[in-house]
Amino acid sequence: MALSTIGAELAALRRNYTMASLSETDVDPDPFAQLERWMQQALNSELPEPTAMTLATATPEGRPSARVVLLKGFDARGLVFYTNYESRKGREMEQNPQAALLFFWPELERQVRIEGRVERVSPDESLAYFQSRPKESQLGAWASPQSQVISGRDVVEQRYQELAAQFKHDEVLPLPPFWGGYRVVPAYFEFWQGRPSRMHDRICYTLSEQGWVLTRLAP
Ligand SMILES: Cc1cc2nc3c(=O)[nH]c(=O)nc-3n(C[C@H](O)[C@H](O)[C@H](O)COP(=O)(O)O)c2cc1C
């Protein structure tokens, strides 16, 4: 299809959001409780990947990059995901420990934006999660120099097979020194509920010295 044709098709696509609304009195005064409520509803709705979130990071110069990761832990301390510390995202977060997270749940006409500081989870926490994964995923983490250029798929396939042979008598693998969790400690939340005619609801929480301050933004 010619790009000029798809351009017109894209411009004509629109959907009206009619499922729900969100007001200052609907939401929990605690944004963590509000996120738990929406997360539970996303889980109950049997969405294909309810825990998939876009993680945005940036270099110290402010050049951004984004990719999807899976939420693996959530409590009053923040939101946890796991990755390779030497990956592009890992390197960016080590040098610039600020990140944004985004959940988009189209079936619920909802978006959640979270921003905050990033810290590594403890090695004990990473180890416990690493060893709870299927052995194949543990081998995969060891085998992949994530984000590095490789000459072909066989590089990681071969590394995987070597590791599988090396650890064939082990039920679990040790934690790779280059792999583990990051926690995003939120200082900002925004809950977006789609509404008809682009008059969407946006309820935000900003962390101040007095605690969380609730505001509404224009859609
Ligand atoms: C649905 C989905 C879930 C993913 N979950 C993770 C994850 O939890 N951790 C991870 O490191 N990469 C995950 N990825 C792969 C990342 O999007 C990305 O390709 C990889 O982490 C390398 O990113 P980077 O080079 O920017 O560091 C996932 C991708 C998708 C599409």
Side-chain angles (χ1 to χ4, degrees), residues 35-36 38-75 77-160 163 172-186:
L35 179 59
E36 186 180 16
W38 272 24
M39 181 61 70
Q40 192 60 59
Q41 290 169 0
L43 296 176
N44 294 348
S45 305
E46 295 175 12
L47 311 182
E49 289 279 26
T51 61
M53 50 188 189
T54 299
L55 163 73
T57 57
T59 64
E61 298 74 41
R63 185 171 165 175
S65 66
R67 77 291 289 154
V68 173
V69 294
L70 296 178
L71 177 69
K72 290 294 171 185
F74 168 49
D75 60 23
R77 293 171 299 169
L79 292 88
V80 174
F81 60 90
Y82 288 87
T83 194
N84 186 312
Y85 288 140
E86 294 170 6
S87 63
R88 177 174 178 185
K89 73 182 91 53
R91 288 196 308 271
E92 290 184 0
M93 288 184 290
E94 295 299 323
Q95 292 179 39
N96 178 13
Q98 296 287 333
L101 295 172
L102 179 124
F103 294 96
F104 177 41
W105 294 312
E107 296 85 347
L108 301 175
E109 302 176 349
R110 284 176 176 171
Q111 166 179 253
V112 181
R113 295 167 59 166
I114 297 163
E115 296 164 19
R117 150 178 84 72
V118 181
E119 59 187 31
R120 285 191 188 196
V121 308
S122 71
D124 285 350
E125 201 175 334
S126 290
L127 177 68
Y129 172 68
F130 183 76
Q131 296 189 334
S132 76
R133 305 168 83 209
K135 190 175 175 187
E136 294 71 26
S137 306
Q138 298 178 39
L139 287 164
W142 267 106
S144 170
Q146 192 177 57
S147 314
Q148 288 184 26
V149 175
I150 50 174
S151 56
R153 187 175 168 85
D154 52 313
V155 173
V156 280
E157 296 277 8
Q158 196 184 330
R159 182 88 187 108
Y160 184 99
L163 287 156
V172 291
L173 275 66
L175 178 69
F178 52 80
W179 195 96
Y182 283 106
R183 176 175 287 112
V184 176
V185 181

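Just so we're clear, the structure is a prediction, and the values are computed from it rather than from any experiment. In each ligand, atom 1 is the first atom listed, and ligand 1 is the first ligand listed.
- The protein heavy atom nearest to atom 18 (C) of ligand 1 is Arg67 CG, 3.9 Å.
- For Glu94, the CD atom is densely surrounded, since the number of other residues' heavy atoms within 6.0 Å is greater than 12.
- Annotation: Val69 places no N or O atom under 3.5 Å from an N or O atom of ligand 1; distance criterion only.
- Taking Glu109 as the reference, Arg15 meet the side chain to side chain donor-acceptor pair (under 3.5 Å) condition, with sequence neighbours excluded.
- Considering backbone and side-chain N/O of Glu49, none are found under 3.5 Å from N/O of ligand 1.
- A donor atom on one side chain and an acceptor atom on the other are found under 3.5 Å apart for Thr57 and Arg67.
- Judged purely by atom type and a 3.5 angstrom limit, Glu119 has no side-chain atom pairing as donor or acceptor with the backbone of Val184.
- When only non-hydrogen protein atoms are considered, atom 12 (N) of ligand 1 lies nearest to Gln146 NE2, 4.0 Å.
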* Test side chain to side chain contact (heavy atoms under 4.5 Å, CB included) applied to Tyr85 and Ser126, step by step -> CA-CA 12 Å; Tyr85 288 140; Ser126 290; 3.8 Å; yes

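- One finds the OH atom of Tyr160 at 11.0 Å from the CZ atom of Arg153 (value rounded to the nearest 0.5 Å).
- Between the side chain of Ser144 and the main chain of Ala141, no donor-acceptor pair closer than 3.5 Å is present.
- Taking 4.0 Å as the cut-off, Tyr82 counts as a neighbour of ligand 1 on heavy-atom distance.
- Less than 4.0 angstrom separates atom 24 (P) of ligand 1 from at least one non-hydrogen atom of the protein.
- Using a 4.0 Å cut-off between charged nitrogen and carboxylate oxygen, Glu157 and Arg159 do not count as a salt-bridge pair.
- The shortest N/O to N/O separation between Thr83 and ligand 1 falls below 3.5 Å.
- Of the protein's non-hydrogen atoms, the one nearest atom 8 (O) of ligand 1 is Leu70 N, 3.1 Å.
- When only non-hydrogen protein atoms are considered, atom 2 (C) of ligand 1 lies nearest to Val68 CG1, 3.6 Å.
- Proximity to Ser147 (heavy-atom distance under 4.0 Å) selects the following atoms of ligand 1: 24 (P), 25 (O), 27 (O).
- Of the candidates Arg91, Lys89, Arg88, it is Lys89 that places a heavy atom closest to atom 22 (C) of ligand 1.
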